[in-house]
Asker: 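Structure below; questions to follow.
Hydrogens, waters and symmetry mates are skipped; everything else that's a heavy atom, side chains included, is used. All residue numbers in this chain count up from 1 along the given sequence.
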Amino acid sequence: MPLNSSASQPENLQTAKDKSLEDVQLKKIAERGSKSKSKKEVNPDKSETPTQFSRGSSIAEQKIEELKKMLGAHRREHHLIVLQDFPDPDALSSAWAYKLIAEQYDIKCEIIYAGTLSHQENIALVKLTSLPSQRWSLQTIKGKDLSLYQGFVLLDNQGTTSQLVPVLEKAGMPLLSVIDHHNLQGDLKSEFSDIRPYVRSTATIFTQYLQLGLLKLDSSVSRHVKCATALMHGLHSDTNRLMEAKEEDFMAAAYLSRFYDAQLLNVVLQATRSKRVMDVIERALKNRMVQNNFSIAGVGYLRYDDRDAIPQAADFLVTEENVHTAVVYGLVHDEDDELEVVIGSLRTNKLTLDPDEFIKQAFGKDSTGRFFGGGRSSAGGFEIPMGFLSGGNENATYAKMKWEVFDCQIKQKLLRLVNPKDNPISSEEF
């Protein structure tokens, strides 16, 4: 999962034939790993030796020992697992795995996020697997007794994409753990940290934890099967159905293939798009401008609950002929908290374009030094608060003027990189 909650969602649904072939491939990988392991006799004292990784094994083993030490020091405590405001399958599944691991140390964890689940696959994943997550808006957290919690954890993010983190920090709650696969976003002070940008998904990192014995999965335990299914979905989502996977991701998928529910995962992947999502995709098509193989589209105002339509529109635009990168953005209004924020997503299939670097260069930092966005391989996102200009949209003329100003400003920042020489700004209404 990109810094932005929906950094990667697979758009082409898998057919039953594709799934069968994939299962066969994963089983072959698992068998090869098992044979290689037995030849080397990595750990002859145990009947089930975790699969070894040529690149991440030593790092994973070191991190596991550090994590065990941290968890052991916080036995019988109550922690919060904080996800990005709009969590994706990678974040949700990783949080569930962390929660199960922490339970072994009598640590109770609550998985929270400030935004909403609007992507159809995320909704299906949570509902069908009974994934234990809950929304805490800014209004909700104000009514919570935070003294009941002894610390919080950041998974698949580093605090820059959650409205809840500043509130927790202000309350003096310590940051205990950060586990993520995005580039380092700043100087994080936590008891435990495992940040590996070269790994394609946080679900891969957690699967390595499981492989190396931090939690022994049992296919007869329903929660384990559903968590493994969620992890497989998170891994698939952030690696574009393994097409962008690296060795660690393949080995993680092979291990999960022994526990996950393929039929359940297929149901999640086949969740249909809502009419509102299709309307946003239609707007993006109508408003897009294409320059130097970049497709840029502003989609205007969106309801908070429809925010995940933006990355889905970017996923669609990047499939156009002669387009290698798509950026879609809109002005999202949260009526509950009376907040407005410009939210955008980037998708690219250009190998030499680094989404994290591109977005940071385009939009820079806020007054506290935090970047407005970032990304990972092939995907990224950004969030820009409206601040003083939030609200007041009852006046249609004012609302239109406000959108036109932000639309022009975002295009201008993007086109400085896309067309650094002439930087044209279209005067047409988008």
Side-chain angles (χ1 to χ4, degrees), residues 1-15 85-89 115-125 233 236-238 240-241 243 268-291 293-334 340-350 355 359 373 375 378-384 399-400 403-404 406-407 410-411 414 418 426 428-430:
M1 151 140 347
L3 283 178
N4 190 275
S5 70
S6 325
S8 177
Q9 297 283 357
E11 290 302 308
N12 298 320
L13 300 178
Q14 292 175 298
T15 62
D85 288 344
F86 302 91
D88 62 7
T116 187
L117 299 175
S118 57
H119 195 290
Q120 64 278 354
E121 288 183 13
N122 296 339
I123 296 172
L125 176 67
H233 184 27
H236 277 207
S237 177
D238 269 29
N240 193 14
R241 291 185 299 147
M243 288 190 290
V268 171
L269 291 173
Q270 290 170 11
T272 57
R273 290 192 180 102
S274 68
K275 181 181 182 300
R276 291 196 297 269
V277 171
M278 296 300 292
D279 289 342
V280 172
I281 293 175
E282 182 182 11
R283 262 188 271 169
L285 281 169
K286 179 182 177 182
N287 299 341
R288 75 193 187 284
M289 60 182 296
V290 180
Q291 294 194 26
N293 306 110
F294 280 77
S295 182
I296 302 172
V299 294
Y301 288 87
L302 281 84
R303 297 189 322 156
Y304 195 69
D305 291 344
D306 297 330
R307 179 249 175 242
D308 268 333
I310 292 174
Q312 294 186 70
D315 285 331
F316 189 83
L317 291 191
V318 80
T319 62
E320 183 176 2
E321 185 179 10
N322 296 323
V323 167
H324 62 59
T325 302
V327 182
V328 178
Y329 54 91
L331 208 164
V332 177
H333 183 210
D334 180 6
E340 281 187 327
V341 59
V342 174
I343 292 180
S345 284
L346 177 149
R347 296 291 184 271
T348 185
N349 50 39
K350 185 177 182 180
I359 291 174
S378 79
F382 55 90
E383 298 181 10
I384 306 172
K400 180 180 178 183
W403 166 248
E404 288 175 347
F406 274 87
D407 185 33
I410 291 171
K411 281 188 171 67
L414 291 171
V418 175
S426 174
E428 299 178 4
E429 290 189 7
F430 291 94

Asker: Would you check, one step at a time, whether the test side-chain contact (heavy atoms from CB on, under 4.5 Å) holds for Ile296 with Lys411?
Answerer: CA-CA 8 Å; Ile296 302 172; Lys411 281 188 171 67; 4.3 Å; yes

Asker: State, with a plain yes or no, whether a side-chain heavy atom of Asp306 is found less than 4.5 Å away from one of Val277.
Answerer: no

Asker: In terms of ring plane angle, is the pair His324 and Phe294 parallel, tilted or perpendicular, where the classes change at 30° and 60°?
Answerer: perpendicular

Asker: Can you tell me how far apart NZ (Lys286) and CD1 (Ile281) are? Round to the nearest 0.5 Å.
Answerer: 16.0 Å

Asker: What is the minimum heavy-atom distance between Ala314 and Ser345, and which atoms define it?
Answerer: CB-O, 3.9 Å

Asker: Can you check whether Asn122 reaches Pro87 side chain to side chain, under 4.5 Å on heavy atoms?
Answerer: no

Asker: Would Val328 and Gln312 satisfy side-chain contact (heavy atoms from CB on, under 4.5 Å), going step by step from the backbone distance to the final call?
Answerer: CA-CA 9 Å; Val328 178; Gln312 294 186 70; over 6 Å; no

Asker: Once side-chain hydrogen bond (donor to acceptor under 3.5 Å, both in side chains) is applied, do any residues pair with Ser295, and if so which ones, sequence neighbours excluded?
Answerer: none

Asker: Compare every heavy atom of Val327 with every heavy atom of Phe382, then report the nearest pair and how far apart it is.
Answerer: CE2-CG1, 4.0 Å

Asker: Charged N to carboxylate O under 4.0 angstrom, Lys275 versus Asp279?
Answerer: yes

Asker: Give the minimum heavy-atom separation between Gly373 and Ile359, together with the two atoms involved.
Answerer: C-CG2, 3.7 Å

Asker: Taking the side chain as every heavy atom from C-beta outward, state whether Tyr329 and Asp407 have any atom pair closer than 4.5 Å.
Answerer: yes

Asker: Quick check: closest heavy atoms across Ala284 and Ala297, and the distance to 0.1 Å?
Answerer: O-CB, 3.5 Å

Asker: Contact between Phe316 and Met278 at the side-chain level, heavy atoms closer than 4.5 Å - yes or no?
Answerer: no

Asker: Could you check Thr325, Leu285, Val323 and say which one makes a side-chain contact (heavy atoms from CB on, under 4.5 Å) with Leu317?
Answerer: Leu285

Asker: Just wondering, do Val332 and Ile310 contact through their side chains at under 4.5 Å, heavy atoms?
Answerer: yes

Asker: Atom CG in Leu414, atom CE in Met289: separation rounded to 0.5 Å?
Answerer: 9.5 Å

Asker: Distance-only, no hydrogens or angles: does the Arg283 side chain make a donor-acceptor pair with backbone N or O of Val299 under 3.5 Å?
Answerer: yes

Asker: Provide the closest heavy-atom pair for Arg347 versus Ala379 in the form atom of the first, atom of the second, distance.
Answerer: NH1-CB, 3.7 Å

Asker: Once you round to the nearest 0.5 Å, how far does CZ of Arg307 lie from CG of Asp85?
Answerer: 9.0 Å

Asker: Indicate the atoms forming the closest heavy-atom contact of Glu121 with Leu269, along with that distance.
Answerer: OE2-O, 3.8 Å

Asker: Under a 4.5 Å cut-off applied to non-hydrogen side-chain atoms, are Leu331 and Glu340 in contact?
Answerer: yes

